[in-house]
S.K.: 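Here it is: the structure, laid out below.
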Amino acid sequence: VCENAGWRISRINDSDGNPSSSQQTLKGTSRWTTSLENLLEDPEGVKRFREFLKKEFSEENVLFWLACEEFKKTQDKKQMQEKAKEIYMTFLSSKASCQVNVEGQSRLNETILGEPHPLMFQKLQDQIFNLMKYDSYSRFLKSDIFLKHKRAEEQEENSSEAQTIAKRASRIYNT
């Protein structure tokens with residue numbers, strides 16, 4: 001159901017275009033295990049996490065979180081109104097196709113859409129983030145989806161290390 005929500009989610013980075021993390025030397029699954037934030041900064045991490053959440057019937061959580069991140073970057077007032085309405089109708093209204101389960105949802109009604117501002121969904125986004133962080137994220141790190149990706153990544157690393165060693169050896173013996 002949520003696949004048809006129509007979200008065009010771009011990569012979540014800080015303003016200079018680099019992943020906002022002190023863990024920049026770690027790659028892939030190693031970074032993902034350090035924090036949910038690092039997982040959500042990596043497009044491949046988001047893809048795998050969505051795949052996992054889809055199986056758990058809670059993909060709407062990460063989609064809502066990502067939509068809120070995109071919404072915060074919106075500058076144009078008219079675009080902001082359109083996106084606010086789209087977020088509300090997709091995730092928050094009683095008729096939402098990908099409804100997220102957040103406290104205080106009933107108090108958030110369409111009247112707020114008239115005067116949108118970048119942080120209007122922040123409390124709800126924080127609730128969803130904490131739900132993912134303390135619930136889904138730990139299960140994701142133990143899931144087959146994560147473990148298979150980690151094994152594939154390790155095999156790729158080992159194979160490229162073996163090729164590097166073979167190249168060095170051939171240079172040594174062929175000189």
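Counting from 1, the numbers follow the sequence of the chain as shown.
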S.K.: Compare all side-chain heavy atoms of V100 with those of L124 and state whether any distance is below 4.5 angstrom.
M.R.: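 Heavy-atom side-chain distance check fails, nothing below 4.5 Å.
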S.K.: Between S58 and N61 (side chain of the first, backbone of the second, donor and acceptor by atom type, cut-off under 3.5 Å), is there such a pair?
M.R.: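 Checked: no pair found.
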S.K.: Check the side chains of T29 and E153 for a donor-acceptor pair under 3.5 angstrom, ignoring hydrogens and angles.
M.R.: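 Checked: E153/T29 side chains pair up, N/O donor to acceptor below 3.5 Å.
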S.K.: Counting only N and O atoms by type, is there a donor-acceptor contact under 3.5 Å from the side chain of Y137 to the main-chain atoms of S35?
M.R.: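 Answer holds: yes.
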S.K.: In terms of the angle between their ring planes, are F129 and W65 parallel, tilted or perpendicular, with boundaries placed at 30° and 60°?
M.R.: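 F129 vs W65 ring planes: tilted.
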S.K.: Decide yes or no for T74 and P118: does some side-chain heavy atom of the first lie under 4.5 Å from some side-chain heavy atom of the second?
M.R.: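 The answer is no; the side chains never approach within 4.5 Å.
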S.K.: Do NZ/NE/NH1/NH2 and the carboxylate oxygens of E51 and R48 come within less than 4.0 Å?
M.R.: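 A salt bridge is present here (some side-chain N lies under 4.0 Å from a carboxylate O).
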S.K.: State, with a plain yes or no, whether a side-chain heavy atom of I128 is found less than 4.5 Å away from one of F91.
M.R.: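 No, their side chains stay 4.5 Å or more apart.
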S.K.: Determine whether L63 and R50 make a side-chain contact, defined as any pair of heavy atoms from C-beta on separated by less than 4.5 Å.
M.R.: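 A side-chain contact exists here, since the closest heavy-atom pair is under 4.5 Å.
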S.K.: Before you tell me yes or no, could you show the steps for N38 and T33 under side-chain contact (heavy atoms from CB on, under 4.5 Å), namely the whole-Å CA-CA distance, both residues' side-chain angles and the distance that decides it to 0.1 Å?
M.R.: CA-CA 8 Å; N38 286 339; T33 60; over 6 Å; no
S.K.: Taking the six-membered ring for Trp, are W32 and F146 parallel (under 30°), tilted (30 to 60°) or perpendicular (over 60°)?
M.R.: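 Ring orientation of W32 relative to F146: tilted.
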S.K.: Taking the side chain as C-beta and beyond, is there a heavy-atom pair between S136 and L131 under 4.5 Å?
M.R.: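 Result no, sub-4.5 Å side-chain heavy-atom pair not found.
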S.K.: Could you pull out all residues at least two apart from A84 that satisfy side-chain contact (heavy atoms from CB on, under 4.5 Å)?
M.R.: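 A84: side-chain contact (heavy atoms from CB on, under 4.5 Å) contacts with F71, L113, P116, M120, F121.
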S.K.: Holding to side-chain contact (heavy atoms from CB on, under 4.5 Å), I want the full list of residues that pass it with S138, two or more places apart in sequence or in another chain.
M.R.: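 Not a single residue meets the side-chain contact (heavy atoms from CB on, under 4.5 Å) criterion with S138.
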S.K.: Under 3.5 Å, side chain of Q81 to main-chain N/O of G114, donor-acceptor pair present?
M.R.: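 A pair under 3.5 Å: yes.
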S.K.: So with a 6.0 Å cut-off around NZ of K55, is the heavy-atom count from everything else above 12?
M.R.: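 Count not over threshold, so no.
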S.K.: Is there a continuous path of hydrophobic side-chain contacts, each under 4.5 Å between heavy atoms, that joins F49 to L147?
M.R.: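 Hydrophobic grouping puts F49 with L147.
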S.K.: Distance-only, no hydrogens or angles: does the Q127 side chain make a donor-acceptor pair with backbone N or O of E103 under 3.5 Å?
M.R.: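 Checked: pair present.
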S.K.: To the closest 0.5 Å, what do you measure between CE (M132) and CG (L40)?
M.R.: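 These two atoms lie 5.5 Å from each other.
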S.K.: Ignoring hydrogens and geometry beyond distance, is a side-chain donor-acceptor pair present between Q122 and D126 at under 3.5 Å?
M.R.: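 D126 and Q122 do have a side-chain donor-acceptor pair below 3.5 Å.
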S.K.: So do the side chains of K133 and E37 get within less than 4.5 Å of each other, counting heavy atoms only?
M.R.: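 Sidechains of E37 and K133: in contact.
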S.K.: Would you give the length of the straight line joining atom NZ of K83 to atom NZ of K72, rounded to the nearest 0.5 angstrom?
M.R.: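 These two atoms lie 13.0 Å from each other.
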S.K.: Counting neighbours of CD on E115 that are heavy atoms of other residues, nucleotides or ligands and sit closer than 6.0 Å, is the number greater than 12?
M.R.: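 12 or below, so no.
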S.K.: Say you draw a straight line from CD of E60 to CG of L53; how long is it, rounded to the nearest 0.5 Å?
M.R.: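 Those atoms lie 8.5 Å apart.
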S.K.: Working to the nearest 0.5 Å, report the span between CD1 of I87 and CE of M80.
M.R.: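 Taking CD1 in I87 and CE in M80, the distance rounds to 10.0 Å.
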S.K.: Quick one: CG on L39 to OG1 on T34, what's the gap to the nearest 0.5 Å?
M.R.: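 Here the interatomic distance stands at 9.0 Å.
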S.K.: Measuring from atom OG of S143 to atom NZ of K150, what distance do you get when rounded to the nearest 0.5 angstrom?
M.R.: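 S143 atom OG to K150 atom NZ measures 11.5 Å (nearest 0.5 Å).
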S.K.: Step by step, would you call F52 with D144 a side-chain contact (heavy atoms from CB on, under 4.5 Å)?
M.R.: CA-CA 9 Å; F52 169 74; D144 284 345; over 6 Å; no
